[in-house]
Every structure is written in structure tokens, then in C-alpha cells.
Engineer: 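A single structure is presented below for examination.
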2 protein chains.
Amino acid sequence: MKARRKEKRALAGEIAEAIHMRAYRPGEWLRQIDLEEKFNATRFDVRSALDELAVRKTIEHVPNRGYRVAQLDTETYRAIRETRVILETAAVAEIVARMDEATIAKLKELAARFGAAVSAGTHMEQSQINGEFHHVFYSLCGNPVLEEMIWSLRDRSRGSAVTVWSSHESLLQSDRDHIAMIAALEVRDTAGLTRLIASHIIKDGL
Amino acid sequence: MKARRKEKRALAGEIAEAIHMRAYRPGEWLRQIDLEEKFNATRFDVRSALDELAVRKTIEHVPNRGYRVAQLDTETYRAIRETRVILETAAVAEIVARMDEATIAKLKELAARFGAAVSAGTHMEQSQINGEFHHVFYSLCGNPVLEEMIWSLRDRSRGSAVTVWSSHESLLQSDRDHIAMIAALEVRDTAGLTRLIASHIIKDGL
DNA sequence: TGCAACATAATTGGCGCCAATTATACCGCC
DNA sequence: GGCGGTATAATTGGCGCCAATTATGTTGCA
């Protein structure tokens, strides 16, 4: 069965998710035939999705060779992190100003769920909850364009040479960071939150 | 004759340029057949280019209706300007630090050419020189990713309701801004340059 | 045994056709 | 004369085929 209609434009997202999940590692070639079968899509859909991801710099296109997962050199990786610091710290001021009890509660819940997922969840659950946490956090800034750019850079960070999710240690670190961020946010410690986020990014990129 | 081979991927850029030149106004539908003839391209190429521009948010895609030039509501426009201020002012510090005599000279030359084009040049010349000026300026920041994001937001600003290039007055203002920017850069007045750029963006968006 | 050139297999990518959908024009009806 | 419904025209968009290109395997030669 090939019951797809709405999935048409979502395929790019699915492939991006797979890359994010390290199903395809940086530098690896993405063969169109494999993707057709894996995602049960037509060749045309696969190509569209690949083109979109290439525009977003998630993957790289080499004429007559195909598409491969982007591999960031250290220079570009540094540039991305610097830009992320600029954007994410700039968002902090607005986030602190717009914060409310309901959102704090939601963040706390997500942080707790992340903590649980770290010890007893799948790779995908961890990533999904983590994404949700950061989404709720940054949507607080009240600037959809800024939020979108933060998200886009976050995606591009995946192709780094430094494997972020590989060790259990970094997951625990992320868990601690989440809690620290909420604490700073609760007492409206703008400077502290800024410092926290900056070091979080510089440290390893997530 | 349809001697095209390299243009394949450049078509999106050409269409973007045409939109930038106001050949197609915000909200206007881009008919694929027209574009085929106008740019002497195949239907497939046109569609690829339109898809790319849609991903970049330069145009908007409506299923079964087609593609139209993005029309920014005031809220989004405000969000873009705010984000531009964040990015472009953040770049200033690095730009001042990396500035050198040769670049200053190049900027002066471009500013002069822009001034000349304002009084006696075509619409396209003005835009091209202006783009070159800003490109040289921001490439100084030494962060390709940051530069690329600045450029991308600058592109998206085009679809604003406020027509930037319409009046001769705003062109003269841009000319004055260029000169003021160079002056501030020359004496390494970081704070002044930051203020200049911020007000430049807030004012009308270019 | 190593290497180069050729043959073969696998993969990408250009392109056009036609169905599905939407806009337009026409005509009859109220 | 206005309005609703239908026929027609225009436009978009899904999809597959096959040529062009690149990778792989093999054979002959030094």
C-alpha cells in the first residue's frame, strides 16, 4: 500500500529526522533507491525532499554523484556556534520578560521527562523531548523569525565531527543544563541565563 | 537557441533578482508558463527554482494554485527587522576589528559609485552596487554563516508593504548612510557604527 | 603481481506527458 | 438585469522513462 497524500511535503522532515537520528552519518551518501523503499515514496518525492534539504544545508549535493549528509569542517562548525550564541543569547532578554508560570510548569515537565528518557528511553524519545523543550523555551521570545533561525542553525549543527549524543555523559549534562536554565529563568536572572546558554553552546553544540 | 547548462541552478537566483527588482510585486502570482518563456527555461527547471525560493521564504506556495511573491504582514516584518538588528549589530564588533585600508578603499569606491548611480543610473545598477557594498562590508566579519543569514534576511525584507526603493529620497538617504558607515568604520567607532546600522534597519529596512 | 584499459552494472538526473484542479466565460433561469 | 450553475479553457503538479554519468568488475599485458 502506498497511502500517502499529506506526507508529500513531510518527507524532507522525515529524512532530516533520520539524519538527525544518525541513521545516516555525516559524509554518507544517500541513495535515492534506498530512500524510495525506506520511506515508501516515489523517486520524484525523494528528489524534491533531497533538494529541499540541500537548500537548507542539511545535506550536500554533488552533480552526477548524488546527495550526502553534510560534513562540517571545524571552521564552519565554529562559525555556526558563534552565530548560535549571538541569536540565542539575544533571545534571552525577551524570554525572561515574557515568561509566565504556565510555561515554567511546562518546561519543568519536559525537563523531568527528558531526565527519565535519559535513563530509560530510546534515542528517539530523548531527541524528541529535548527538541520540544527547546522549542517551548525559544518560542517564548515572541519573534518567530528569530526562533526559526535558531532552529535552522541547531539542525545544521548535527553534521559536526564532534558526536554530541554518543556518550551518556553528555545526555546527563544536557539534563543538568535544562534544570539550571529553568532555575535561572524562574528568578529572572537574565545575565545568568545568558551565560548558561553561551557556555552550553560553546561546550559541544547542543 | 537554448544554450543552458550552468544556468540550471542559477535560475532561482535570476527569479529572485527579478522579484527583488519588483518585476513581480508582493502577492503577485508567478505563472510557470510565463517564467519558462521569460527565462527560456524548461518547466522542470522553473519548478525547481520556485521550490527553492519557497524554501527560502522568498515566495509562497499554495497547492493547486501556484507560487506567489511573499507578502509580509507588519508583524513578520517587525520580527525580521528585529532579527536583522541582532545579527548585523553583532557583526559590527568583528568588522571593526578586521577592517583594513584596502577594504575601506573598496567601500569608498562602491559608495561613490552608488552615489553616482542614484542620480544617473538604472534601477538595477543601484541595487547591484548597493548589494556589493553590503556584501563587502559584512564579509569583513569573518563568519560566513553569520554573513549568509544576514543576506538571507535582507532578501526576505523585500516583500514588505513599505516600498523601500520607490522614492528618490530614500536612495539619497542610503547614500548618506553608506558614507556615515565608512566614516565610523575608519575611526573604529564601534558604538557609533552599531547605532547607525540599527537605526538604518529600523527606519525602513534597507 | 600490479596496473591500465575496457566492458558491464548501478545510479543519477533531465524532461515531457497527461490527469487533477482551479479559473473563466457563457447561458439559461428566476 | 442579476445570479447560479454548467461547460470550457488555462494552469498546476504527479510521475516514469531513458539517456548521461559514474562506479565496479574483469581481462590482458608488462
Side-chain angles (χ1 to χ4, degrees), chain A residues 1-19 22-71 159, chain B residues 1-19 22-71 159:
Chain A
M1 69 200 78
K2 48 189 303 185
R4 290 167 301 92
R5 188 63 19 194
K6 56 176 182 181
E7 299 184 25
K8 180 65 178 69
R9 294 289 169 194
L11 182 57
E14 286 184 51
I15 296 177
E17 183 71 8
I19 292 172
R22 301 269 162 178
Y24 303 96
R25 278 157 299 181
E28 191 173 341
W29 290 99
L30 276 62
R31 275 183 305 154
Q32 299 180 3
I33 297 177
D34 288 348
L35 296 174
E36 286 182 52
E37 296 175 3
K38 190 81 177 176
F39 295 97
N40 195 48
T42 70
R43 163 150 302 226
F44 187 84
D45 294 337
V46 169
R47 201 124 49 99
S48 303
L50 257 33
D51 278 335
E52 180 177 335
L53 293 178
V55 172
R56 292 204 184 143
K57 302 279 183 74
T58 303
I59 62 180
E60 179 192 8
H61 175 61
V62 181
N64 293 320
R65 288 291 304 278
Y67 301 81
R68 64 177 158 191
V69 181
Q71 215 167 4
Chain B
M1 70 199 79
K2 48 189 300 185
R4 290 168 300 92
R5 189 62 20 194
K6 58 177 181 182
E7 299 184 25
K8 180 64 180 66
R9 293 291 167 191
L11 182 57
E14 286 184 49
I15 296 176
E17 184 69 9
I19 292 172
R22 302 269 165 178
Y24 303 95
R25 277 159 300 183
E28 192 174 341
W29 290 100
L30 276 65
R31 276 184 305 155
Q32 300 180 2
I33 298 177
D34 288 348
L35 296 174
E36 287 182 51
E37 296 175 2
K38 190 81 178 175
F39 296 96
N40 195 48
T42 69
R43 162 149 303 225
F44 188 85
D45 293 337
V46 169
R47 201 125 46 101
S48 303
L50 291 175
D51 279 335
E52 180 176 335
L53 293 178
V55 172
R56 292 203 186 145
K57 302 279 184 72
T58 303
I59 63 180
E60 180 192 9
H61 175 61
V62 182
N64 292 320
R65 289 290 306 277
Y67 301 80
R68 64 176 159 193
V69 180
Q71 215 167 3

Engineer: Residues in side-chain hydrogen bond (donor to acceptor under 3.5 Å, both in side chains) with B/R47, at least two apart?
Structural biologist: none

Engineer: Tell me which residues in residues 54-64 of chain A lie within less than 4.0 Å of DNA chain C, going by non-hydrogen atoms.
Structural biologist: A/H61, A/V62, A/P63, A/N64

Engineer: Can you tell which of C/dA23, C/dT12, D/dC15 lies closest to the side chain of A/D45?
Structural biologist: D/dC15

Engineer: Within this structure, what is the OG1-CG distance for the pair A/T42 and A/L35, rounded to the nearest 0.5 Å?
Structural biologist: 12.0 Å

Engineer: Just N and O in the side chain of B/R65: are any of them under 4.0 Å from OP1 or OP2 of D/dG13?
Structural biologist: no

Engineer: Figure out the CH2/P separation between B/W29 and D/dT11, and round it to whole Å.
Structural biologist: 13 Å

Engineer: Taking CD from B/E36 and P from C/dG14, how many angstroms apart are they, rounded to a whole number?
Structural biologist: 16 Å

Engineer: Which atom pair, heavy atoms only, marks the closest approach of B/E52 to A/V55?
Structural biologist: CG-CG2, 3.6 Å

Engineer: Rounded to whole Å, how long is the line connecting atom CZ of B/F44 with atom P of C/dC17?
Structural biologist: 15 Å

Engineer: Nearest whole angstrom, please: distance from the P of C/dA20 to the CD of B/Q32.
Structural biologist: 18 Å

Engineer: When you get a sec, tell me which of D/dG16, C/dG13, D/dG13 is the closest nucleotide to the side chain of B/Y67?
Structural biologist: D/dG13

Engineer: So which heavy atom on A/I15 is nearest to which on A/A49, and how close?
Structural biologist: CD1-CB, 4.0 Å

Engineer: Report all side-chain donor-acceptor pairs from residues 26-33 of chain B shorter than 3.5 Å, counting only partners two or more places apart or in another chain.
Structural biologist:
unit_1	atom_1	unit_2	atom_2	d
B/E28	OE1	B/R25	N	2.8
B/R31	NE	B/D34	OD2	3.2
B/R31	NH2	B/D34	OD2	2.7
B/Q32	OE1	B/R43	NH1	3.1

Engineer: Please work out if B/L50 contacts a base, only the sugar-phosphate, or nothing of the nucleic acid, heavy-atom cut-off 4.0 Å.
Structural biologist: nothing

Engineer: Show each protein N/O and nucleotides 6-10 of chain D N/O combination with a separation under 3.5 Å, one pair to a line.
Structural biologist:
none

Engineer: Below 30° counts as parallel, above 60° as perpendicular, anything between as tilted: where do the rings of A/F44 and B/F44 land?
Structural biologist: perpendicular

Engineer: Listed by chain and number, what are the side chain to side chain contact (heavy atoms under 4.5 Å, CB included) partners of B/A18, not counting sequence neighbours?
Structural biologist: B/A23, B/Y24, B/F39

Engineer: Look at the side chain of B/T42 and decide which nucleotide, out of C/dT22, D/dC15, C/dC15, has an atom nearest to it.
Structural biologist: C/dC15

Engineer: Both B/G66 and A/R43 contact DNA chain D. Which one's nearest nucleotide lies toward the 5' end?
Structural biologist: B/G66

Engineer: I would like to know whether A/R68 and A/V62 meet side chain to side chain contact (heavy atoms under 4.5 Å, CB included); could you show each step before the answer?
Structural biologist: CA-CA 8 Å; A/R68 64 177 158 191; A/V62 181; 4.1 Å; yes

Engineer: If you take atom types as modelled and just measure distance, does the side chain of B/R47 reach the base of D/dG14 with a donor-acceptor pair under 3.5 Å?
Structural biologist: yes

Engineer: Within the 3.5 Å criterion, strictly below it, is a donor on A/S48 or A/D51 matched to an acceptor on the partner's side chain?
Structural biologist: no

